[in-house]
Structure formats: structure tokens, C-alpha cells
Amino acid sequence: MSEPSPGLGSDETGLLVVGVDFHSAELELREQVALSGHEAESALLEIMAHPEIAEAALLSTCNRTEVYLSARERQKAFRVALDLFARNAPEIDEEGCFFVLHDREAARRLLSVAAGLESMVLGEPEILGQVRDAAALAEKVGSSGPILDRLFRQAATAGKRSRRETGIGEGAISLGYASVELSRQIFDELESRSLLIVGAGETADLVARALHDRGNDRIRFVNRSDERAEAFQERFPIAERVPWDDLVEAVTESDTVVTTTSAPEPILDLPTLKTVMRARRARPLLLVDLGVPRNVDGAAAGLENLFLHDLDSLQSLVDRNLDRRRQEIPRVEGIVTEELQRFDEWQRAREAQPLVARLHRRAEEIRRQEVASVQDRFPSELHEELEIVTRALVRKILHHPSHQLRRGSREGGRARLDLARQLFQLEEEESAEEQES
């Protein structure tokens, strides 16, 4: 097994993430450690059986499997997470196959993931829902607690803000979505437009998925092979199959046609498309040729009201959109930092709260003792007023120290807590509480 990870003291508590993603591991290894919903649920239950782990959540997608832990003993918690990966992928122990982060960097990791900065497809929209699903599963299993609950809520906020306040998710950067974007540029109300996919392979899947995600369910497709067509229709039950012999008629009726076959010769030649455009009577037609080799005769680009795009033009669109998304990275990183600071502030306040409560109890104890020692010198009708005034005085004196203890810097905050314990003799109270518990 791996040597102790740098910075993970054996008896330290804190936040920890151990993960595998497309930066650290090849697809084959990522597939080995990926967990389905049922497997993730079982894994969380198994993780929580270890007393050195207080809270746990699992985020597993096609490109990542990450275990987030609130640990009572970080080094032992790290071992538990690594053992979980090694069960299906023993080679995970090799250098560079996994990553480990703790405390603030572990929190930043989840916020960056939710914001789309750590995705293979920069700014992908699906990851935010997957982060929410991971939080929901941890809550269902009972493995989450105050720290991970708060962290995942902060991550969801970072993800929503990134997409609302920046352009990190704008512009298609996959061929399927680029096809839809082109169609939107030509036609209003895309949802009401008819679209024909020629082919039923992987590229056809990408186009159909992009259309479905954009709310267009008027999808028709044509394919020579019955076996492939049936498999495509299983994946997309809303798609209507058109017989191959009716291809020209289907093209004539459609607003957008996306070709995705590997036919050795063009399946839509210039004479055929001239016939199609005459029958359309000046209605525009978008032809997106994703075939290799090309499925559409390039000379058709000169026909009036026919808009032809091939892989090269789509790739240019994708590259431009990707450049625009990359320009948004600094703004998204700024949002992540803001939400991380909010999480830090919450965590510091949470750490300081028990000490602040002890400080107020100690001050109240001193106040009562002093009031009791002098109240006989005052008329009985002033006793209540004496209580009110002294309580208010204590609250005012402690207000600023309490506020500073809650909001102090992470490193400096702990020093402040220790100083407060010494100044107000709160170590004795802590010891007494420990004995009682």
C-alpha cells in the first residue's frame, strides 16, 4: 500500500478527498473504480463502519470517482478510501493514479468540480446535477453530516452562480450540440422544427441527445441496418424511424438534416439535392455533414437556401466556443474563491462556537457571584435592575471578542482560541466537561 500521504498526520482530523479522474488515470482504470448508484450506496455504508470517519460522500461519474470524508483520523481515513479503489483496481497504488487533498484544498476541489472547471468538457452542465445527486445519496444513507452537508450546498451555489453569472456553459463544444446550435441560428422555435438524422451510430447518439436535452422531441432517423436502427430506437424511444427508401422524401420534409454514416460515397449528391430544393419552394434547409468520408456532395453548398456545414466548419465553431469558455475561467475561479471563503467562515464559526459558549458561561458565573456579593447593599426593588444592567454589561464586553473568535483567519483563529482559553481560564472548564462526559 502507499506510504502515508504528505501532510496527513496519523491523528489529525479534518476534511479529505481521495479521487481518480481523467487527469490522473486512463479510461480503463477509471472504469474499474467507477460505482453505480447501488454500489455507491453500499460503499458509503462500508466506509461509515470505520470509526475514524465521521462523514462521507461519493461522487462517481464517467470521468471521476471521488470520496469526500470528514475524518477523525485522516491517515486511517485515507487508507480506507484507497482500499476501496484498490479492491477493483490494484494498480491504483502506482504513483500518479490517484490524488489526495485535504482541508481547504479538498473543499476547493468540490466547488471547482461543481462549477465545471474540472470537467473533461469545460463547463459541462451535467456535473452540477451529479454533485447534487451525490449529496442526496449521502443524506439518504446517513453518511453526511454538518460539514459535508454545508460543503455540498456551497458547491451547488458555486455551480449555479458560475453558469448564471459567467459564460462558462455557453456555446456548443461537442459536435452534437454544435449541430443544434447551427440549427438555432437559422430557425426560430427549434422545438417545433423537424430534424432528420441519417445513421444510427455513436455520432447519431450525440446529436439525438443534444436535441433531446434542448427540448426537441421531433426526431426522425433513417438507417440501412435494422439491427442498428432497433438499438438506436431503444436508446431514444421518441425517435421515429423512416425507411431507407424514403430518404429523399424525408430530407425534403425536414428543416435540418444531420448525416452521420461511414458510406464510401455521398448519399446526397448534387442532382438529388437540386430536386429536394425545388420541392421545398424556397424553404431553407440546413445540412450538417458529420460523415467520414463526407456524406453530402460539397457542390451543394452553392444551392440557394441550402446551408451546408461539414466536420471542419463545425470544429471551427466548437474551437471558437471553447476559446470563449476558457476566457471565463478567471471569473469562475473568482466565484469558487468567494464560495470557499463563505465555507471557511462557516467552519471557523462552527469551530469557535463551543469556546464562545464556554466564555459566556464563565462570564455569567462571575457576574452572578459578584452580584450576589453586593446585592444586599442595594434596596430589594433595585435587585432586578441590577441583574438587567450587569447582564447587558457582560454582553457588551464579550460581543467583540466573540465576533473575532468566530471570524478569525483559519491559522490565526486557532491561535486566538488557545489565547482565549488561557486569558479566561477556560481550560479548566473544558477538563470538567470532559470528565462529566
Notebook entry, point to check: When rounded to the nearest 0.5 angstrom, what is the spacing between CD1 in Ile219 and CG in Leu211?
Noted result: 4.5 Å

Next item on the list: Considering non-hydrogen atoms only, spot the tightest contact between Ala229 and Asn223 and give its length.
Entry: N-ND2, 4.1 Å

Note to self: Can you confirm whether Asn295 sits close enough to Leu268 that some side-chain heavy atom of one is under 4.5 Å from a side-chain heavy atom of the other?
What the structure shows: no

Check: At what distance, to the nearest 0.5 angstrom, does CG of Leu273 lie from CG of Asp269?
Finding: 7.0 Å

Check: Ion pair present between Arg342 and Glu345, side-chain N to carboxylate O less than 4.0 angstrom?
Finding: no

Check: Of the non-hydrogen atoms in Ile53 and Ala77, which two are nearest, and what is the gap between them?
Finding: CG1-CB, 3.8 Å

Note to self: Tell me whether Glu328 contacts the main-chain N or O of Gly167 through its side chain, where contact means a donor paired with an acceptor under 3.5 Å.
What the structure shows: yes

Item checked: Audit row: Gln315, Asp319, side-chain hydrogen bond (donor to acceptor under 3.5 Å, both in side chains) steps and yes/no -> CA-CA 6 Å; Gln315 191 59 54; Asp319 290 343; 3.0 Å; yes

Margin query: Angle between ring planes, Tyr68 versus Phe152, binned at 30° and 60°: parallel, tilted or perpendicular?
Written below: perpendicular

Item checked: Neighbour count above 12 (heavy atom, 6.0 Å) for Arg235 CZ -> yes

Margin query: I'd like to know if the side chain of Arg331 and the backbone of Glu165 have a donor-acceptor N/O pair within less than 3.5 Å.
Written below: yes

Notebook entry, point to check: Are Asn321 and Glu181 close enough, and set up right, to give a side chain to side chain contact (heavy atoms under 4.5 Å, CB included), and what steps lead you there?
Noted result: CA-CA 11 Å; Asn321 288 339; Glu181 186 170 305; 3.3 Å; yes

Next item on the list: Step by step, work out the salt bridge (charged side-chain N to carboxylate O under 4.0 Å, His left out) result for Arg109 and Glu118.
Entry: CA-CA 8 Å; Arg109 169 70 184 190; Glu118 299 294 340; 3.3 Å; yes

Note to self: Nearest 0.5 angstrom please: Leu340 CG to Arg104 CZ, how far?
What the structure shows: 4.0 Å

Item checked: Side chain Arg325, main chain Gly169, donor-acceptor under 3.5 Å -> yes

Check: Would Arg320 and Asp323 count as a salt bridge (charged side-chain N to carboxylate O under 4.0 Å, His left out) if you check the C-alpha gap in whole Å, the side-chain angles of each, and the deciding distance to 0.1 Å?
Finding: CA-CA 5 Å; Arg320 288 196 302 272; Asp323 284 341; over 6 Å; no

Check: Does the pair Leu175 and Leu311 meet the rule for a side chain to side chain contact (heavy atoms under 4.5 Å, CB included), with working shown?
Finding: CA-CA 8 Å; Leu175 293 178; Leu311 275 171; 3.7 Å; yes

Check: Between Arg283 and Thr252, is there a donor-acceptor pair closer than 3.5 Å when you use the side chain of the first and the backbone of the second?
Finding: yes

Item checked: Taking every non-hydrogen atom, the tightest pair across Leu35 and Ala40 -> CB-N, 4.0 Å

Item checked: Asn88 side, atom CG; Glu31 side, atom CD - distance, nearest 0.5 Å -> 12.5 Å

Checklist line | Over all atoms of both residues, closest heavy-atom pair of Ile127 and Ala114 | finding: CG2-O, 4.2 Å

Note to self: Treating Asp255 as the side-chain partner and Arg193 as the backbone partner, does any N or O pair qualify as donor plus acceptor under 3.5 Å?
What the structure shows: no

Notebook entry, point to check: Below 4.5 Å, heavy atoms only, C-beta onward: do Leu15 and Ile147 meet side chain to side chain?
Noted result: yes

Check: Ignoring hydrogens and geometry, is there a side-chain-to-backbone donor-acceptor pair from Gln233 to Ala239 under 3.5 Å?
Finding: yes

Note to self: Could you measure the distance from the CG atom of Leu285 to the CG atom of Leu308? Nearest 0.5 Å is fine.
What the structure shows: 9.5 Å

Item checked: Validation row: Val17, Leu110 side chains within 4.5 angstrom (heavy atoms) -> no

Next item on the list: Decide if the gap between the ring center of Phe232 and the ring center of Phe221 is smaller than 6.0 angstrom.
Entry: yes

Next item on the list: Taking Arg108 for its side chain and Val336 for its backbone only, find out whether a donor-acceptor pair lies under 3.5 Å.
Entry: no

Notebook entry, point to check: Looking only at atom types and distance, does a side-chain atom of Asp310 sit under 3.5 Å from a main-chain N or O of Ser313, one as donor and one as acceptor?
Noted result: yes

Next item on the list: Inspect the contact between Arg241 and Asp226 and indicate whether a charged nitrogen and a carboxylate oxygen are less than 4.0 angstrom apart.
Entry: yes

Margin query: Are the side chains of Phe187 and Leu286 in contact, using a 4.5 Å heavy-atom criterion?
Written below: yes

Note to self: For Glu253, is the CD atom crowded, meaning more than 12 foreign heavy atoms sit under 6.0 Å from it?
What the structure shows: yes

Next item on the list: For Leu151 and Leu148, run side chain to side chain contact (heavy atoms under 4.5 Å, CB included): C-alpha distance rounded to whole Å, both residues' side-chain angles, the deciding distance at 0.1 Å, then the answer.
Entry: CA-CA 5 Å; Leu151 177 59; Leu148 290 185; 4.2 Å; yes

Checklist line | Residues Asp312, Arg294; criterion salt bridge (charged side-chain N to carboxylate O under 4.0 Å, His left out); working and verdict | finding: CA-CA 11 Å; Asp312 287 343; Arg294 287 187 291 182; over 6 Å; no

Margin query: Counting neighbours of CZ on Arg164 that are heavy atoms of other residues, nucleotides or ligands and sit closer than 6.0 Å, is the number greater than 12?
Written below: yes

Check: Shortest non-hydrogen contact from Arg132 to Ala156?
Finding: NE-CB, 4.3 Å

Notebook entry, point to check: Are Lys76 and His50 close enough, and set up right, to give a side chain to side chain contact (heavy atoms under 4.5 Å, CB included), and what steps lead you there?
Noted result: CA-CA 9 Å; Lys76 290 183 179 179; His50 294 268; over 6 Å; no

Margin query: Is it the case that the side chain of Ser143 and the backbone of Ala56 share a donor-acceptor pair, with hydrogens and angles ignored and the cut-off at 3.5 Å?
Written below: yes

Notebook entry, point to check: Under 3.5 Å, is there a donor-acceptor pair linking the side chains of Ser254 and Arg220?
Noted result: yes

Item checked: Polar side-chain atom of Ser24 near backbone of Cys97 as donor-acceptor pair, under 3.5 Å -> yes

Item checked: Minimum heavy-atom distance between Pro330 and Gln327, given as atom pair plus value -> CD-O, 3.5 Å

Margin query: Looking at Lys274 and Asp297, is any side-chain nitrogen of the basic one under 4.0 Å from a carboxylate oxygen of the acidic one?
Written below: no

Note to self: Nearest 0.5 Å, please: how far is OG1 in Thr260 from CG in Leu206?
What the structure shows: 9.5 Å

